[in-house]
Amino acid sequence: MKAYDFKSVEKKWQDKWEDAGVFHAVDFSEKPKFYGLVEFPYPSGAGMHVGHIKAYSGLEVVSRKRRMQGYNVLFPIGFDAYGLPTENYAIKTGMHPRQVTDQNIAKFSDQLKKVGYSFDWTRVVDTTEEDYYKWTQWIFLQMFDHGLAFRDKTLVNYCPSCKVVLSNEDSQGGKCDICHSDVVQKSKDVWYLRITEYADKLLEGLDEVDYLPNIRTQQINWIGKSTGAFVNFPVKGTDDETLRIYTTRPDTLFGVTFMVMAPEHPMIDKYADRIGNMDAIEAYRKECAKKTEFERTQLVKDKTGVKIDGLTAVNPVNGKEVPIFVADYVMMGYGTGAIMAVPAHDQRDYDFAKEFGIDIIEVIKGGDISKEAYTGDGEMVNSEFLNGLDNKKDSIEKMAAWLQEKGLGEKGVQFKMKDWAFNRQRYWGEPIPIIYCDKCGMTHVPYDELPLKLPKVENFEPGTDGESPLAKIPEFVNCTCPKCGGPARRETDTMPQWAGSSWYFLRYIDPHNDKALADMDKLKYWGQVDWYNGGMEHVTRHMIYSRFWHRFLYDIGAVPTKEPYAKRTAQGLILGPDGDKMSKSKGNVVDPNDVVDEFGADVLRTYVLFMGDYEKAAPWSEASVKGCKRFIDRTYGLQDLLTDKDATDYSAELSSSFHKTVKKVSEDIEAMKFNTAIAALMTLINQIYDNKAINGAELKTFLQLLNPFAPHVCEEVWEAQGWKAEAAANGAEADGLLALIPWPTWDEAKCVDETIEIAVQVSGKIKNRIHVPADIDEAGALELAKADEKVAAALEGKTIIKELYVKGRLVNIVAK
RNA sequence: GCCGGUGUGGCGGAAUUGGCAGACGCAAGGGACUUAAAAUCCCUCGCUGGAAACAGCGUACCGGUUCGAGCCCGGUCACCGGCACCA
């Protein structure tokens with residue numbers, strides 16, 4: 001047999017699959033459906049990364065297996081092409097982002113096809129195409145019309161000299177990265193999507209989907225729901241003002257010894273003229289505004305703040321007057337921006353109280369508050385009507401009820417998740433189709449005029465004034481108001497990178513529809529994504545965003561299911577050969593193209609799945625790639641061992657091995673244990689080579705099992721043996737291509753050997769291994785075990801206390 | 001600090017979830033073929049002692065439960081990921 005020439009063979013089969021259209025999903029097919037989804041790539045200039053290969057190869061194997069099992073499979077691909085890297089590359093090279101994107105998509109498509117993935121290339125989506133982003137804009141406007149998209153002022157890092165908004169990274173040490181002048185916190189108008197309104201729905205939805213536990217936990221933590229109470233503290237020195245706070249610990253209300261407001265709290269400005277030390281407070285606020293998030297978290301231990309002169313709070317439960325402080329350990333963005341401080345039972349309040357010499361009153365027994373705050377549970381003390389109660393069991397409820405009854409507060413819920421800041425001052429994104437009219441106010445582009453096209457211009461560099469590049473294009477900015485027909489201006493910011501990817505899985509179902517984002521009957525046919533695989537880095541971004549959009553679309557009747565993804569898994573990273581994360585700067589990046597050129601697509605696909613546990617990170621090893629290369633070559637070489645080509649059943653020598661391997665590979669693929677599935681096939685091929693013969697029935701099964709992993713070599717051998725023609729003659733689909741030949745089945749009864757080897761222990765220590773009939777019973781096994789020489793020697797002179805037989809595994813004789 | 005995860009040969013990793021630790025692959029060493037190299041094939045390969053049969057030890061560390069623990073329980077250490085003054 002000639003050596004296996006993967007180069008010509010792989011290309012040949014990729015062309016044949018495409019010509020036969022074997023991977024095209026069929027709408028409304030009678031077969032059961034399977035929708036497998038992988039995260040579509042951002043088509044960067046660097047081309048594909050081996051990480052993409054690992055991410056895609058997992059569901060590729062599942063999808064190929066499903067087709068062989070008779071499913072109508074939708075396994076699509078597309079491109080998430082809006083984004084900053086493309087725009088920056090375009091600015092650097094003088095090319096247009098459109099041109100860069102088209103080039104990169106062509107490159108990615110070519111690379112993906114060379115790996116032989118069974119994507120349905122007739123359903124490709126590109127988020128930057130007009131007939132795609134038309135619907136991204138449509139969804140945004142639906143949210144706008146339902147009050148979920150809104151503008152609000154918020155605090156951002158701002159350089160007054162450069163007139164730009166800066167990220168935290170660009171304003172370290174409170175200095176502008178560009179001009180080194182002091183950065184201030186400034187409130188600025190920003191577009192938000194009201195994702196917080198969906199926080200509970202996103203949380204509840206997790207109960208009806210099958211996500212890996214760590215994915216589920218991360219989402220729950222990200223949403224960060226807490227239950228507690230809002231309490232209103234009357235403020236002395238004001239006109240009937242109350243300071244509203246949120247607490248998860250209403251049980252500790254009797255322990256309040258001071259209050260804290262965030263530096264940005266509005267009450268400070270409202271009563272500025274009654275505050276005796278406003279200068280000191282202003283100075284403190286300025287200090288805080290200069291601090292970056294980074295500095296704030298670095299200084300966790302050192303509590304700072306200023307006491308407000310002239311305002312005090314009254315604890316509503318006991319009428320006690322307590323001081324109010326301004327301190328930056330309280331954030332404006334969570335709860336009400338003010339807290340009640342209970343130093344005895346909160347470490348942060350404790351640190352602050354120690355710093356400022358404030359009283360610490362214990363209300364829960366169990367700790368030593370002279371040393372640190374006690375955050376555990378216990379019996380209530382110093383708490384009047386709560387005394388003697390268990391804080392957790394009774395007093396939280398009792399206090400909440402009491403507050404409610406007296407009208408001093410009420411139960412409440414808070415989330416860590418914030419609303420989604422949705423606009424970017426950049427060119428390469430979906431234009432936000434909002435119009436500002438002096439007469440009519442804020443309105444939007446009519447639905448039937450979508451898409452609002454991104455103007456094709458030469459100059460798309462961002463301005464120095466923090467304005468979007470689109471603001472510099474009068475033909476874009478100036479428009480007529482759709483309501484009154486008068487002159488109006490367009491919103492010039494664009495949507496963030498995460499917009500287009502929040503609904504792309506719906507577009508695959510009906511990619512060319514110009515009446516709706518997708519046809520409802522097709523949406524109902526395909527239903528949820530059955531299995532979605534991607535990276536952990538998207539669990540708290542893309543996964544949250546897209547679940548939010550999908551749930552909104554469900555609520556307005558645009559999609560038939562609440563949750564988009566029935567099942568979500570994640571692959572582990574591929575590290576560089578040095579064990580570090582792959583990065584250009586470290587020079588440890590492996591290019592999948594090089595691997596395809598040198599070893600072939602089958603080897604690449606097999607290796608990324610064989611290299612380790614699919615869900616864990618593993619370093620790349622060139623040497624190990626060669627091991628997979630040998631395996632593929634040996635598969636091709638099986639033809640030399642073919643003896644009884646027309647055999648219809650497995651040979652006696654290999655029968656149980658084949659049944660066992662069919663079972664193992666079938667089950668392991670479902671459990672994403674690709675590494676052990678491949679190992680089982682390697683074990684089997686070693687056994688075949690030892691046996692020096694394989695019959696036709698066995699070779700067929702071997703090729704079927706390996707096909708999802710290494711489809712090119714399998715199709716090639718299948719065809720070379722003439723089974724393609726044979727299958728076609730028997731009416732098999734798509735001209736007898738292995739890709740659609742039915743998946744093999746196994747017979748549980750034939751998975752067992754006639755004799756098995758079991759271990760014999762004496763008092764838990766292995767003494768020998770004996771061969772026994774597979775169907776032996778306990779008495780028989782014990783008898784044979786005791787008859788063994790070594791075992792008998794070990795038992796010599798001892799009394800047997802206990803005898804155990806674990807079926808098919810071992811015998812343990814406990815003796816003294 | 002909080003949440004989640006991991007720790008097994010020289011390396012990547014297996015181990016039917018309490019039942020023969022180290023499957024499979026790599027690397028290494030020895031041999032065959034070859035003028036030679038590559039490729040291929042055969043043998044060895046957890047550690048210690050021994051020529052060998054064999055014996056002892058061994059799944060991060062300490063302890064426990066059990067006839068039996070990589071797996072379960074209690075404690076400790078290390079590393080990775082996420083969140084982080086969230087009241």
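In what follows, chains are A, B, ... by sequence order, proteins preceding strands, each numbered from 1.
Across the protein-nucleic acid pair, A:Asp346 atom CG and B:rC2 atom P stand 14 Å apart, rounded to whole Å. Taking atom CD1 on A:Ile801 and atom P on B:rG68, their separation rounds to 11 Å, with Å as the unit. Rounded to whole Å, atom P of B:rU40 lies 16 Å from atom OH of A:Tyr636. Between the P atom of B:rC24 and the CD1 atom of A:Ile685 lies a distance of 14 Å, rounded to the nearest Å. Summarising the geometry, the separation between CG on A:Leu609 and C1' on B:rC24 is reported as 15 Å, rounded to the nearest angstrom. Between the CZ atom of A:Phe674 and the P atom of B:rA14 there is a distance of 13 Å, given to the nearest Å. One interatomic measurement links the two molecules: CZ of A:Arg244 to C1' of B:rA87, which rounds to 15 Å at whole-angstrom precision. Rounded to an integer number of Å, the gap from OH of A:Tyr334 to P of B:rC83 is 17 Å.
Going from the P atom of B:rC72 to that of B:rC24 covers 26 Å, rounded to whole Å. One C1' atom belongs to B:rU34, the other to B:rU8, and the distance between them is 41 Å to the nearest Å. To the nearest whole angstrom, the two C1' atoms, one in B:rG22 and one in B:rG70, are 11 Å apart. For the P atoms, the distance linking B:rU48 with B:rA38 amounts to 30 Å, nearest Å. Here the separation of B:rG4 from B:rG74, taken at their P atoms, is 14 Å to the nearest Å. Nucleotides B:rU66 and B:rG50 place their C1' atoms 35 Å apart, quoted to the nearest Å. Look at the P atom in both B:rG58 and B:rG68: the space between them is 15 Å, to the nearest Å. Between B:rU16 and B:rC62, the two C1' atoms lie 31 Å apart (nearest whole Å).
The side chain of A:Leu804 has B:rC67 as its nearest neighbour among B:rC67, B:rU16, B:rC85. Side-chain proximity of A:Asn812 to B:rC42, B:rG19, B:rA14: nearest is B:rG19. Of all nucleotides listed (B:rC24, B:rA87, B:rG68), B:rA87 comes nearest to the side chain of A:Thr247. Residue A:Met682 places its side chain closer to B:rC24 than to any other of B:rC24, B:rA87, B:rA15. Of the candidates B:rG25, B:rC85, B:rG19, the closest approach to any side-chain atom of A:Asn686 belongs to B:rG25. Of the candidates B:rA14, B:rC57, B:rC24, B:rC57 carries the atom nearest the A:Lys765 side chain, counting heavy atoms from C-beta on.
A:Lys673 comes within contact range of the sugar-phosphate backbone alone, with a heavy-atom separation under 4.0 Å but no base atom that close. A:Glu757 comes within 4.0 angstrom of a base, heavy atoms only. In this structure, A:Ile766 reaches the sugar-phosphate backbone alone: every heavy-atom distance under 4.0 Å involves primed, P, OP1 or OP2 atoms, never a base. Heavy atoms of A:Asp633 sit nowhere under 4.0 angstrom from any nucleic acid atom. Within 4.0 Å (heavy atoms only), A:Gln414 reaches no atom of the nucleic acid at all.
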All N/O contacts under 3.5 Å from nucleotides 4-12 of chain B to the protein, with atom names and distances to one decimal?
from   : atom 1 : to       : atom 2 : distance (Å)
B:rG12 : O2'    : A:Met611 : O      : 2.5

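A donor-acceptor contact closer than 3.5 angstrom links the side chains of A:Tyr329 and A:Asp349. Judged purely by distance below 3.5 Å, without hydrogens or angles, the side chains of A:Glu39 and A:His542 never pair a donor atom with an acceptor atom. Side-chain N/O atoms of A:Thr304 and A:Tyr284 include a donor and acceptor closer than 3.5 Å. In this model, a donor atom of one side chain and an acceptor atom of the other lie less than 3.5 Å apart for A:Gln347 and A:Asp351.
Under the Watson-Crick or G-U wobble criterion, with both distances below 3.5 Å, B:rC72 is paired with B:rG64. Base-pair partner of B:rA27: not found among the strands shown (Watson-Crick or G-U wobble, both distances under 3.5 Å). Summarising the base pairing, B:rU17 is matched to no nucleotide, lacking a Watson-Crick or G-U wobble pair whose two defining distances lie under 3.5 Å. Nucleotide B:rC83 is matched to B:rG1 when pairs are restricted to Watson-Crick or G-U wobble geometry with both distances under 3.5 angstrom. Pairing of B:rA55, defined by two Watson-Crick or G-U wobble distances under 3.5 Å, is identified with B:rU48. Across every strand in view, B:rA78 sits in a pair with B:rU6 that passes the Watson-Crick or G-U test at under 3.5 angstrom.
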Legend entry - Verdict with reasoning, A:Glu410 to A:Arg244, per salt bridge (charged side-chain N to carboxylate O under 4.0 Å, His left out): CA-CA 11 Å; A:Glu410 69 282 337; A:Arg244 189 171 167 78; 2.5 Å; yes
Inset, instruction - In sequence, state the C-alpha distance, the side-chain angles, and the governing distance for A:Phe352 and A:Phe325, and then conclude on ring-ring contact (aromatic ring centres under 6.0 Å, His included). - result: CA-CA 10 Å; A:Phe352 192 88; A:Phe325 287 79; 5.1 Å; yes
Legend entry - Derivation of the salt bridge (charged side-chain N to carboxylate O under 4.0 Å, His left out) call for A:Glu748 and A:Lys663: CA-CA 8 Å; A:Glu748 198 70 45; A:Lys663 177 182 171 160; 2.7 Å; yes
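On a pure distance criterion of 3.5 Å, no polar donor-acceptor pair joins the side chain of A:Arg809 and the base of B:rC20. Side-chain atoms of A:Arg630 stay outside donor-acceptor range of the base of B:rU40, with no qualifying N/O pair under 3.5 Å. In the interface, the side chain of A:Lys303 is paired with the base of B:rC85 through a donor and an acceptor atom under 3.5 Å apart.
When the nearest nucleotides of RNA chain B are assigned to A:Ala679 and A:Gly224 by heavy-atom distance, the more 5′-ward of the two goes with A:Ala679. Between A:Tyr614 and A:Lys802, it is A:Tyr614 whose nearest contact on RNA chain B lies nearer the 5' terminus.
Distances shown here put a side-chain N or O of A:Asn675 below 4.0 Å from the OP1 or OP2 atom of B:rA14. The side chain of A:Arg634 contributes an N or O atom lying less than 4.0 Å from OP1 or OP2 of B:rC41.
Shown here, B:rU65 is classed anti by the O4'-C1'-N9-C4 or O4'-C1'-N1-C2 angle, which is more than 90° from 0. In this structure B:rG9 sits in the syn conformation; its chi angle is within 90° of 0.
Salt-bridge check for A:Lys7 with A:Asp5: failed, with every basic side-chain N at 4.0 Å or more from each acidic carboxylate O.
Across A:Ile361 and A:Lys320, no two heavy atoms sit closer than the pair CD1-NZ, 3.2 Å.
Annotation: cation-pi pair A:Lys629/A:Phe599 absent, no NZ/CZ under 6.0 Å from the ring centroid and within 45° of its normal.
Proximity of the aromatic rings of A:Phe356 and A:Phe258 is defined here by a centroid distance below 6.0 angstrom, and this criterion is not met.
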